[in-house]
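I have placed the structure first, in the form of structure tokens, so that the comments after it can refer back to it.
Chain letters run A, B, ... following the sequence lines, proteins first, then strands; residues in each count from 1. For the numbers below, each heavy atom of this structure counts, side chains included, while hydrogens, waters and symmetry mates do not.
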Amino acid sequence: MARVVVDVMPKPEILDPQGQAVAGALPRLGFHGVRDVRQGKHFELDVDDSVDDDTLDKIAEGFLSNPVIEDFVVRRVDQ
Amino acid sequence: MRIGAVTFPGTLDDVDTVRAIERAGAEAVALWHGDADLRGVDAVVLPGGFSYGDYLRAGAIARFAPVMEPVIEAARKGMPVLGICNGFQILCEAGLLPGALVRNHKLRFVCRDQWLRVESTTTAWTTRYEPGAEILVPVKSGEGAYMADERELDALEGEGRVVFRYVEDNPNGSRRDIAGVSDGSGRIVGLMPHPEHATDPLTGPTDDGLGIFLSAMDNVKQGAA
């Protein structure tokens with residue numbers, strides 16, 4: 001078994017209204033100096049050792065993210 | 001003339017879609033997400049709603065439902081396919097239409113009657129409209145902002161594939177006020193607003209949406225002739 005993390009983020013040129021809403025709320029809560037917030041998704045997958053990197057890329061690119069609007073990063077992490 | 005309406009778990013507007021198809025004078029065929037074939041329909045509509053709870057991304061899971069295999073195959077062979085709202089999102093996720101739909105720019109779910117301009121009257125779903133016609137139909141979505149990169153948007157405009165555009169007030173931050181687009185053949189069309197809710201003045205703002213279904217019937221008849 002291996003732990004795999006997939007992070008999916010909106011592409012830089014895509015409007016991220018959720019991140020903007022968070023950024024807009026911070027000064028109201030008394031937190032200053034945060035210039036920008038972007039909000040994405042974080043997936044944790046427990047996979048069998050038989051699952052190779054190519055398969056993980058296919059899962060991330062073809063399903064967990066939409067390449068039209070999102071970028072993704074796949075990484076294996078120590079448990 | 002048989003037009004299918006697909007029900008996924010979480011689809012809401014299949015009943016109104018069936019009613020719109022029948023009101024236009026075609027036979028409506030209920031299709032289920034688990035179906036392996038399209039029961040001999042001449043055209044197919046993916047209605048709105050929240051298939052699979054919109055989990056992951058709107059349309060991302062429905063795109064892999066068993067019924068989508070024959071839908072994609074038929075679409076590639078030229079069958080008219082219409083995606084309304086969540087159906088539009090599914091067609092984009094399936095790669096049958098370009099671009100993607102993301103969260104509305106003000107993060108609010110918008111539900112109201114909306115004026116649209118019919119920008120292309122040569123698609124399989126819009127031949128009944130006069131060029132530049134303005135129609136009033138409901139829009140109701142939280143993830144309706146149409147996004148594509150600038151090159152794709154220029155290509156869509158250049159090829160006349162922007163089919164519907166919001167007029168007066170863009171409800172969701174869609175790039176270039178785009179409400180609906182088509183594929184290169186003009187047989188696959190998707191739009192966020194709901195023509196199926198505007199087919200009877202008794203229950204909708206207008207019957208402006210009826211022309212969508214009548215257009216597809218004309219198209220199928222011409223194909224058979």
Side-chain angles (χ1 to χ4, degrees), chain A residues 3-29 31 34-48 51-77, chain B residues 51-65 68-69 72 86 88-110 141-156 170-178 181 183 190:
Chain A
R3 168 64 57 89
V4 173
V5 166
V6 181
D7 287 311
V8 175
M9 292 298 293
K11 283 183 191 281
E13 67 271 22
I14 297 288
L15 190 70
D16 173 21
Q18 295 182 102
Q20 285 179 352
V22 173
L26 288 171
R28 290 201 299 276
L29 301 173
F31 300 106
V34 179
R35 292 186 182 182
D36 190 27
V37 177
R38 296 189 67 77
Q39 180 177 325
K41 295 183 185 123
H42 173 94
F43 299 88
E44 294 178 352
L45 289 68
D46 289 326
V47 304
D48 290 340
V51 179
D52 62 15
D53 289 352
D54 274 357
T55 304
L56 291 172
D57 273 350
K58 278 183 196 152
I59 292 170
E61 185 175 9
F63 188 47
L64 299 182
S65 75
N66 178 342
V68 176
I69 47 171
E70 294 166 327
D71 295 322
F72 66 88
V73 177
V74 181
R75 61 182 199 276
R76 291 176 183 267
V77 295
Chain B
S51 58
Y52 301 91
D54 271 357
Y55 292 165
L56 188 57
R57 292 176 307 280
I61 298 177
R63 171 249 178 288
F64 292 104
M68 286 305 292
E69 258 185 62
I72 290 168
N86 191 219
F88 184 18
Q89 295 163 335
I90 294 168
L91 291 177
C92 288
E93 283 284 343
L96 291 174
L97 290 175
L101 285 309
V102 303
R103 195 69 63 100
N104 292 354
H105 64 332
K106 287 179 183 157
L107 293 174
R108 288 219 181 92
F109 192 96
V110 175
S141 45
E143 296 183 41
Y146 185 75
M147 292 289 150
D149 64 34
E150 287 299 311
R151 227 174 65 182
E152 185 82 65
L153 292 169
D154 288 341
L156 286 172
N170 180 336
N172 49 33
S174 284
R175 293 269 162 92
R176 305 194 192 181
D177 301 331
I178 290 172
V181 300
D183 74 323

- Which bit of Arg175(B) comes within less than 4.5 Å of chain A, counting heavy atoms only: side chain, backbone, both or neither? side chain
- Item | Engaged part of Asp149(B) at the chain A interface, taking heavy atoms whose separation is under 4.5 Å | neither
- Query: Is chain B contacted by the side chain of Lys11(A), its backbone, both, or neither, given a heavy-atom distance below 4.5 Å?
  - Reply: neither
- Item | chain B contact via Ile69(A) - side chain, backbone, both or neither, heavy atoms under 4.5 Å | side chain
- Which heavy atom of Pro17(A) sits nearest a heavy atom of His105(B), and at what distance?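 Looking at all heavy atoms of both residues, the closest pair is CB-O, 3.5 Å.
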- Could you pull out the closest heavy-atom pair between Phe63(A) and Leu56(B), with the gap in Å? O-CD2, 3.2 Å
When you look at [atom1] of [X], are more than 12 heavy atoms from neighbouring residues, nucleotides or ligands closer to it than 6.0 Å?
X: Arg108(B); atom1: CZ; value: no
X: Phe109(B); atom1: CZ; value: yes
X: Gln39(A); atom1: CD; value: yes

- To the nearest 0.5 Å, atom CG of Asn66(A) lies from atom CZ of Arg63(B) at 10.5 Å
- Item | Within-4.5 Å side-chain heavy-atom neighbours: Glu70(A) and Arg57(B) | yes
